[in-house]
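Shown next, in structure tokens, is the structure this report addresses.
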Amino acid sequence: MSQSDTILAMYEAMHSSLGPSHWWPGETPFEIAVGAILTQNTNWQNVKKAIANLKAHDLLDARAMHDLPLTELAELIRPAGYYNVKARRIANFLNFLKEEADYDLKSLKSEPLYELRPKVLGVNGLGPETADSILLYALDFPTFVVDAYTARLMDRHGLSYEGIDYYELQAIFMDALPEDVALYNEYHALIVRVGKDWCKKKAGLCDTCPLKPFLE
DNA sequence: TTCCGGGTAA
DNA sequence: TTACCAGGAA
């Protein structure tokens, strides 16, 4: 089987065994973008608490959030951890949103991906994974999100190697898959689910893993 | 390489 | 009590 056939087959295996993931959780593109920053190296359960705090204060709105002093924002997102750095990163993102889109995140959809992506990456605190998460899950751009789960899973299946670069790993998927936002969306979600529940950091639970047939 | 960090499962 | 988490910057 070719590399891209394998990657397509892995998707089918995960999807048929786990079902749809309904990603990204979040009611609006802005909520998704904020969630993408909050979940950097952080358990989603903790992010949910931070988002609940923001919602309770009617702050899941770009203008309202931008009017809030940084220290108060930090306090509200405290459950998500790294709350001081993340408050600064969200503020950086809000500055960007104001300048580039007059606080209207969705308006950025009119811009081509190849022009928008470098601008998003120019925001201090938004690295490749966070940028791609916002572009794919909040704005429906066809850019594939990879992460530590993806790297580990692919390495363990002999389809990658330890320490692979973000863009190289991303290219493996984008070269193998048709350009399809819904597919990119679901594939990354399935990888995260498999990464959390089977392809764990220490010892993988390969015996019961949906991807067991793909081990060498 | 180190720092940022609260929350929870094991 | 430790280990780890939908990372990124300095």
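Each chain gets a letter, A, B and so on, in the order its sequence line appears, and its residues count up from 1.
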So, does A/Lys196 get its side chain near the phosphate of C/dC5, meaning an N or O under 4.0 Å from OP1 or OP2?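 So the side chain of A/Lys196 is outside the cut-off, no N or O lying under 4.0 Å from OP1 or OP2 of C/dC5.
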Applying a 4.0 Å non-hydrogen cut-off, can you work out what A/Ala148 is touching in the nucleic acid: base, sugar-phosphate, or nothing?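 Answer is nothing: A/Ala148 stays at 4.0 Å or more from every strand.
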By the 4.0 Å heavy-atom rule, please label A/Lys200 as base, sugar-phosphate, or nothing.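 The residue A/Lys200 makes no contact with any strand.
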Assess whether atom CD of A/Glu115 is packed by more than 12 heavy atoms of other residues, nucleotides or ligands within 6.0 Å.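 Yes, CD of A/Glu115 has more than 12 neighbouring heavy atoms, counting only those of other groups under 6.0 Å.
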Which comes earlier along DNA chain C counting from the 5' end, the contact point of A/Arg89 or that of A/Lys201, where each point is its nearest nucleotide?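 The residue mapped nearer the 5' terminus is A/Lys201.
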Length of the [atom1]-[atom2] vector between [X] and [N], whole Å:
X	N	atom1	atom2	answer
A/Asp165	C/dG7	CG	C1'	15 Å
A/Gln40	C/dA9	CD	P	8 Å
A/Arg152	C/dC5	CZ	C1'	10 Å

Under a 3.5 Å distance rule, please check whether [X] uses its side chain to pair with a backbone N or O of [Y] as donor and acceptor.
X	Y	value
A/Trp24	A/Ala138	no
A/Gln170	A/Val146	no
A/Glu186	A/Ser21	yes
A/Ser16	A/Ala13	yes
A/Asp132	A/Thr143	no
A/Arg152	A/Cys199	yes

Using the test salt bridge (charged side-chain N to carboxylate O under 4.0 Å, His left out), find all partners of A/Glu72 that sit at least two apart in sequence or belong to another chain.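 Result, salt bridge (charged side-chain N to carboxylate O under 4.0 Å, His left out) vs A/Glu72: none returned.
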What residues, two or more places apart in sequence or in another chain, satisfy salt bridge (charged side-chain N to carboxylate O under 4.0 Å, His left out) together with A/Glu100?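 Result, salt bridge (charged side-chain N to carboxylate O under 4.0 Å, His left out) vs A/Glu100: A/Lys119.
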Strand-adjacent residues in residues 41-49 of chain A, judged by heavy atoms under 4.0 Å from DNA chain C: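 When residues 41-49 of chain A is checked for heavy atoms under 4.0 Å from DNA chain C, the hits, listed by number, are A/Asn41, A/Thr42, A/Asn43, A/Trp44.
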I need the residues from residues 125-140 of chain A with at least one non-hydrogen atom less than 4.0 Å from DNA chain C; give them sorted by number, or say none.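 Per residue number, the list reads A/Gly125, A/Leu126, A/Gly127, A/Pro128, A/Glu129, A/Thr130.
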Where does the chain A footprint on DNA chain B start and end, counting 5' to 3' with a 4.0 Å heavy-atom cut-off?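 Range of nucleotides within reach of chain A: B/dC4 to B/dT8.
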Determine the interatomic distance between P on B/dG7 and the same-named atom on C/dG8; round to the nearest Å.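 Here B/dG7 and C/dG8 have their P atoms 23 Å from each other.
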Could you go step by step and tell me if A/Glu168 and A/Tyr161 meet the side chain to side chain contact (heavy atoms under 4.5 Å, CB included) rule? CA-CA 11 Å; A/Glu168 211 172 329; A/Tyr161 56 93; 2.9 Å; yes
When Ile, Leu, Val, Met, Phe, Trp and Tyr are grouped by side-chain heavy atoms lying under 4.5 Å apart, directly or through other members, which residues fall in the same group as A/Val85?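 Direct or chained contacts put A/Val85 with A/Tyr82.
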